[in-house]
Amino acid sequence: MSERHDVLIVGGGLVGASLAIALDRLGLDVGLLEASPAGELPAVFDQRNLSFAAATVNALTALGVMQKLAMAPGPIRRIHVSRAGDFGRVQLDAADYDRPWFGQVVVARDFGQALEARLQELPRLHRYRPMRFLGLGEVIDGHRQVRVADEGGERALQARLVVGADGTASGVREALGIDVDRHDFLQTLFVARVRSQRAPDGSAWERFTDTGPTALLPRGDRHFGCVHGVARDQAEAVMALDDAAWLQRLQNALGWRAGRLLESGPRSAYPLIQVLARALAGQRTVLLGNAAQTIHPLGAQGFNLGLRDALTLAELLEDAGGDAGSDGLLQAYVARREEDRRQTVAFSGGLARLTSNPAPLLRPLRSLGLVAAQRASVQSMLVGGAMGFRGDVPRLCRGEAA
């Protein structure tokens, strides 16, 4: 038995589901291969906090996803950045740029439920769930063969274009034989919801240390989303702290900018390892999101970058109007994503290395950089990147109607 599609998306997480929604309006025959069964969200939709850049909010609103959120997102109106032990700071205010906010904070689980609600409104979408990706076969009659398995056993699907949106440990990338460049930051990032004596007012605080960033992001439920980077060899000890010691650790890292921290939800921990695919496409196959690049979360650009991957591909498919997996289309995709990908990876990874380097000689250089970042020309560049307006920006990100 074989089933044919114009596009087969492997992976139903943040980027894969968003791409399926973006492709629905094009009239293509789309299949979505998901590891999770119906009624169960993928594990990626947990309690972590997602910081959506303004470009991402524009696109997800046009696609009808933001309207499905059960909880109002938390607007980021001001950003304050500093580093422990260094002189200087960066302060950005959206009002200075005639913007209501730079971005919005959304809880991943709430976003997953909103995506699922939107996916259920797409009658043409063929969802395979639960189903496992096993490998890629040959290209026959302009269709890539895809080996999959479910409770009924193994079978083959076919698609003019196969999209690997299956995460950092991508099976599609492995099946293509694409190597990766890895960099282990030797840090672990803890994520939790915290409550402070002062409710969020739209300010986001980020404090760099030798062991990684610590940040408070304003959520829409009168809590903050907290991220706290620690050295890998300290991770077990930090996870073992009771709530009082954990909150005191955060207070020591952040100071009193948001007042006294009163309460914390459960902590989750994620090793920080950058994984960059050395190629983005193979024969009738393309990689998106974390399958293409898993980056340091500094600057909160990971999903934003992956969504721009998906929307660029959708835009090219719309404009091409022909063979969904042609060499020309894939070459155009790789070319369009090059600048945004390169600059975003360089910003997140480079800044992570620089800000966590304890070398004394770097402190005056970092301090000079923080002071220089207060200049209007530098701030404009930082704001544009933070809001997702970098490189060849997809139309939906610019706020153009779907």
Side-chain angles (χ1 to χ4, degrees), residues 5-11 13-16 18-20 22-23 26 28 30 53 55-56 59 133 136 138-139 142-144 146 159-183 274-295 301-350 385 388-398:
H5 299 285
D6 294 316
V7 180
L8 178 66
I9 304 167
V10 180
L14 290 81
V15 173
S18 298
L19 176 62
L23 293 180
L26 306 186
L28 296 172
V30 178
T56 294
F133 170 84
L136 297 171
E138 298 178 353
V139 173
H143 289 75
R144 187 95 200 212
V146 182
R160 291 193 176 277
L161 176 63
V162 178
V163 177
D166 50 342
T168 305
S170 171
V172 175
R173 188 184 65 225
E174 182 179 354
L176 287 171
I178 294 176
D179 290 332
V180 299
D181 294 314
R182 296 179 184 271
H183 177 77
Q274 179 176 277
V275 180
L276 304 179
R278 294 182 180 175
L280 298 183
Q283 191 176 19
R284 292 196 173 274
T285 312
V286 66
L287 302 176
L288 307 182
N290 283 352
Q293 65 274 318
T294 299
I295 64 176
Q301 288 297 304
F303 170 66
N304 296 290
L305 181 62
L307 182 66
R308 295 196 295 272
D309 289 345
L311 297 178
T312 298
L313 179 62
E315 192 171 295
L316 288 168
L317 287 167
E318 179 180 13
D319 293 344
D323 185 353
S326 69
D327 290 343
L329 184 141
L330 294 180
Q331 290 168 6
Y333 171 80
V334 171
R336 276 193 59 179
R337 295 307 300 140
E338 196 277 334
E339 181 183 0
D340 186 12
R341 183 177 191 253
R342 174 177 51 79
Q343 290 186 4
T344 305
V345 169
F347 173 79
S348 65
F389 301 117
R390 178 186 287 125
D392 194 344
V393 182
R395 289 191 291 266
L396 290 184
C397 290
R398 298 195 296 264

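Heavy-atom minimum distance, Asp166 versus Ala291: OD1-CB, 3.9 Å. Scanning both residues, Ala159 and Val7, for their nearest heavy atoms gives CB-C, 4.3 Å. Among all heavy-atom pairs drawn from Ala277 and Leu287, the shortest one is CB-CD1, 4.1 Å. The two residues Ser18 and Leu307 come nearest to each other via the heavy atoms CB-CD1, 3.6 Å. Considering all non-hydrogen atoms of both residues, Ala324 and Asp6 come closest at CB-O, 3.8 Å. Nearest heavy atom pair, residue Ala281 against residue Ile178, reads O-CD1, 4.3 Å.
A donor-acceptor pair under 3.5 Å links the side-chain atoms of Arg284 to the main chain of Arg160, judged by distance alone.
Residue Asp327 places its CG atom among 12 or fewer non-hydrogen atoms of other residues, nucleotides or ligands, all under 6.0 Å distant. Environment of CD in Glu174: sparse, with no more than 12 heavy atoms of neighbouring residues, nucleotides or ligands closer than 6.0 Å. The environment of CZ in Arg278 is crowded: more than 12 heavy-atom neighbours from other residues, nucleotides or ligands sit within 6.0 Å.
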Could you go step by step and tell me if Leu288 and Tyr333 meet the side chain to side chain contact (heavy atoms under 4.5 Å, CB included) rule? CA-CA 11 Å; Leu288 307 182; Tyr333 171 80; 3.0 Å; yes
Does the pair Leu313 and Leu329 meet the rule for a side chain to side chain contact (heavy atoms under 4.5 Å, CB included), with working shown? CA-CA 9 Å; Leu313 179 62; Leu329 184 141; 4.0 Å; yes
Check against side chain to side chain contact (heavy atoms under 4.5 Å, CB included), Val345 and Gln274: CA-CA 9 Å; Val345 169; Gln274 179 176 277; 4.0 Å; yes
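Note that CG of Leu161 is 9.5 Å distant from CG of Leu28, once rounded to the nearest 0.5 Å. To the nearest 0.5 Å, the span separating CG on Asp179 from CG on Leu276 amounts to 12.5 Å. Distance CG/Asp392 to OG1/Thr312: 7.0 Å, rounded to 0.5 Å. Rounded to the nearest 0.5 angstrom, Leu330 CG and Leu280 CG are separated by 10.5 Å. Taken from CG in Asp309 to CG in Asn304, the straight-line distance is 11.0 Å, to the nearest 0.5 Å.
Applying the ring-ring contact (aromatic ring centres under 6.0 Å, His included) criterion to His5, with sequence neighbours excluded, gives His126, Tyr128. For Asp340, the salt bridge (charged side-chain N to carboxylate O under 4.0 Å, His left out) partners are Arg308, Arg337, not counting sequence neighbours. For Arg173, the salt bridge (charged side-chain N to carboxylate O under 4.0 Å, His left out) test picks out no residue, with sequence neighbours left out.
With Glu338 as the fixed residue, the salt bridge (Lys or Arg N to Asp or Glu O under 4.0 Å) test singles out one of Arg336, Arg342, Arg341: Arg342.
Here the side chains of Val172 and Val146 are not in contact, with every heavy-atom distance at 4.5 Å or above. When side chains are defined from C-beta on, Val15 does not count as touching Asn290, because their heavy atoms never get closer than 4.5 Å.
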